[in-house]
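Notes to accompany the following structure.
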Amino acid sequence: LGSIFDKSEKDIEIVELEECSGSEIKIYSVIIGEDDETLYDKFLNENLETFRDEVNDIVNKLEVIGHVTGLKSKWFKRDQGYYGDGVCYLFDDPDKSLRLYFIRFGNANKDLVIILGGGGHKPQDAHAFQEIPKLKNENYLLRKIATILHKAKDSGDLIIDENGMRMASTEDESDDDADKPLTFKL
Amino acid sequence: MQKPRVHRSKFVNQIKQTQDPLIAARNKKKLILAAMISDALEQKEWKKGTLANRLDVYASEVTRWTKGTHNFSVDILSDIEEILGINIFRSYKQFKTELQAKTNVHYTTTLPLDTAKIGTEVKISDGLKQSAKHYIANDQGGKILPFNTPNFAKVS
């Protein structure tokens, strides 16, 4: 997480999550720099020992969201970032011990994609996420990523539709560019 | 074109391997039930209170149903089906069709069964029972093997 406070510019790569991305909604996460794990992987790894049931709940919920039902309003909390940036969090039920931040993109009719970030434990006695450094860092990292993605989308460089996310084709694009990963500068 | 690579998480795999599959399936079905109720309410443009009134329960209970953790009784599911006009339970006809599909193996051939050669496909159809003396052609060990399903074989 130190990356958001680094002065040096790093690449972020958006990757599609094989296990949960599906026909109902495309689900992605983010790899920062040279890492080989996504922010979602890190969230799972950090919590699977202490919050086994909660992690199970979130993993299963994401599978259902991606493949069967799409995102349902009762399963997440919206407005967790800057105004209109789509930063939300998913929580486990029934205890709501964990928060997994994500960015939600959609149109008036439906949610199109979600991009999972990291998250962590929110103790019951904490009033605001800002009181918990881990959650605060994860939240602000995702806000920063949301800003980058919105900028790319608004400029027409990034396309987000029912087929998921991709960069707009350019005229000078050659066939060699076909499999380039989707990256941005953080 | 730049597009996201597909990423497989080693942690998701690890989590799924250690999950109790029955509990995982149960929890997923609860989520799907919750989504069915939410979608039906949305389609009818009903507030949760409307359904609550019709079922004589508190609105907070309907909210709980849409969260995906509620352990429904058959009684309440039946009432929800009736009031919302949706099918939560499969019909008995659907159930029978699926059950039939699990026990039937479908093959087709134009050859009489007992002259079918290895690799020939044989049609199994409903309504005509034949004993296991009939054989189905396949390529296992280069030998025609007995066909031992509880169903029967008819050559079309």
Side-chain angles (χ1 to χ4, degrees), chain A residues 13-21 24 26 28-29 31 36-38 40-46 48 52-53 55-65 67-70 72-75 92-94 113 115 157-159 163-170 173 177-183, chain B residues 1-43 45-49 51-52 59-72 80 84 86-88 90:
Chain A
E13 182 186 350
I14 308 291
V15 291
E16 183 169 0
L17 300 177
E18 184 181 78
E19 298 84 1
C20 53
S21 185
E24 291 306 309
K26 300 288 179 197
Y28 303 92
S29 190
I31 292 176
D36 58 357
E37 288 173 0
T38 64
Y40 176 53
D41 285 331
K42 289 177 193 293
F43 166 82
L44 296 176
N45 191 27
E46 287 160 3
L48 59 81
R52 165 71 64 176
D53 289 345
V55 165
N56 280 344
D57 184 71
I58 288 176
V59 166
N60 291 333
K61 199 172 272 176
L62 283 167
E63 251 187 52
V64 170
I65 289 171
H67 294 290
V68 188
T69 63
K72 297 293 165 196
S73 60
K74 281 286 161 206
W75 301 345
D92 57 288
D93 261 317
V113 308
I115 301 128
D157 293 337
L158 176 65
I159 296 171
N163 297 316
M165 304 174 75
R166 64 197 176 280
M167 292 305 266
S169 306
T170 54
E173 203 169 54
D177 294 333
D179 294 327
K180 273 190 174 176
L182 185 59
T183 57
Chain B
M1 185 191 295
Q2 274 183 274
K3 62 177 194 178
R5 286 186 302 129
V6 175
H7 174 84
R8 179 179 290 184
S9 166
K10 63 181 178 188
F11 299 109
V12 171
N13 192 33
Q14 185 185 331
I15 288 161
K16 288 174 78 70
Q17 279 179 350
T18 54
Q19 269 183 344
D20 181 330
L22 289 179
I23 293 176
R26 186 190 303 161
N27 291 339
K28 284 181 189 175
K29 285 171 189 169
K30 285 179 184 174
L31 288 165
I32 293 166
L33 273 174
M36 288 164 106
I37 295 168
S38 293
D39 290 356
L41 286 173
E42 204 176 300
Q43 187 267 333
E45 298 182 357
W46 280 12
K47 292 192 183 306
K48 292 188 177 71
L51 179 62
S60 58
E61 189 154 352
V62 178
T63 302
R64 209 162 53 240
W65 296 344
T66 57
K67 285 184 177 176
T69 51
H70 189 70
N71 195 5
F72 290 94
I80 290 168
L84 290 179
I86 57 175
N87 289 322
I88 292 171
R90 281 177 307 167

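Residue numbers start from 1 in every chain, and the chains themselves are labelled A, B, ... in the order their sequence lines are given, proteins ahead of strands.
Once rounded to the nearest 0.5 Å, the distance linking CG of B:Asp39 with OG1 of A:Thr69 reads 8.0 Å. Here CD1 of B:Ile15 is found 8.5 Å from CG of A:Asn45. Values are rounded to the nearest 0.5 Å. Between the NE2 atom of B:His7 and the CD atom of A:Glu18 there is a distance of 9.5 Å, given to the nearest 0.5 Å. With rounding to the nearest 0.5 Å, the separation of CG in A:Leu182 from CE in B:Met1 is 11.0 Å. Here the NZ-CD1 distance, from A:Lys72 to B:Ile37, works out to 12.0 Å after rounding to the nearest 0.5 Å.
With hydrogens and angles disregarded, a donor-acceptor distance shorter than 3.5 Å links the side chain of B:Gln2 to the backbone of A:Pro181.
In terms of heavy-atom pairs under 4.5 Å with chain A, the best-connected choice from B:Thr66, B:Thr63, B:Val6, B:Leu31 is B:Leu31. When the candidates A:Asp53, A:Asn60, A:Ile14 are compared by the number of heavy-atom contacts under 4.5 Å with chain B, A:Asn60 comes out ahead. Counting heavy-atom pairs closer than 4.5 Å to chain B, the top-ranked of the candidates A:Ile159, A:Val64, A:Leu62 is A:Val64.
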Test side chain to side chain contact (heavy atoms under 4.5 Å, CB included) applied to A:Val68 and B:Lys28, step by step: CA-CA 10 Å; A:Val68 188; B:Lys28 284 181 189 175; over 6 Å; no
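The shortest non-hydrogen separation linking A:Ile31 to B:Arg5 is CD1-NH2, 3.9 Å. Closest approach of A:Trp75 to B:Gly68, counting heavy atoms only: NE1-N, 4.2 Å. Closest approach of B:Val12 to A:Tyr40, counting heavy atoms only: CG2-CE2, 3.9 Å.
Interface remark: A:Asp36 contributes backbone atoms only to the contact with chain B (heavy atom separation under 4.5 Å). Both the backbone and the side chain of B:Ser9 come within contact range of chain A, judged by heavy atoms closer than 4.5 Å. Using a 4.5 Å cut-off between heavy atoms, A:Leu17 contacts chain B through both its backbone and its side chain. For a residue to count as touching a neighbouring chain, one of its non-hydrogen atoms must lie under 4.5 Å from one of that chain's; by this rule A:Thr183 touches chain B with backbone and side chain alike.
Side-chain contact between A:Val59 and B:Phe11 is absent, with no heavy-atom pair separated by less than 4.5 Å. At a threshold of 4.5 Å between non-hydrogen side-chain atoms, the residues A:Leu44 and B:Gln14 do not count as touching.
By the 4.0 Å N-to-carboxylate-O rule, B:Lys16 lies too far from A:Glu19 to be salt-bridged with it.
The environment of B:Glu42 atom CD is sparse: at most 12 non-hydrogen atoms of other residues, nucleotides or ligands sit within 6.0 angstrom.
By the salt bridge (Lys or Arg N to Asp or Glu O under 4.0 Å) test, A:Lys61 pairs with A:Asp57, A:Asp93, sequence neighbours left out.
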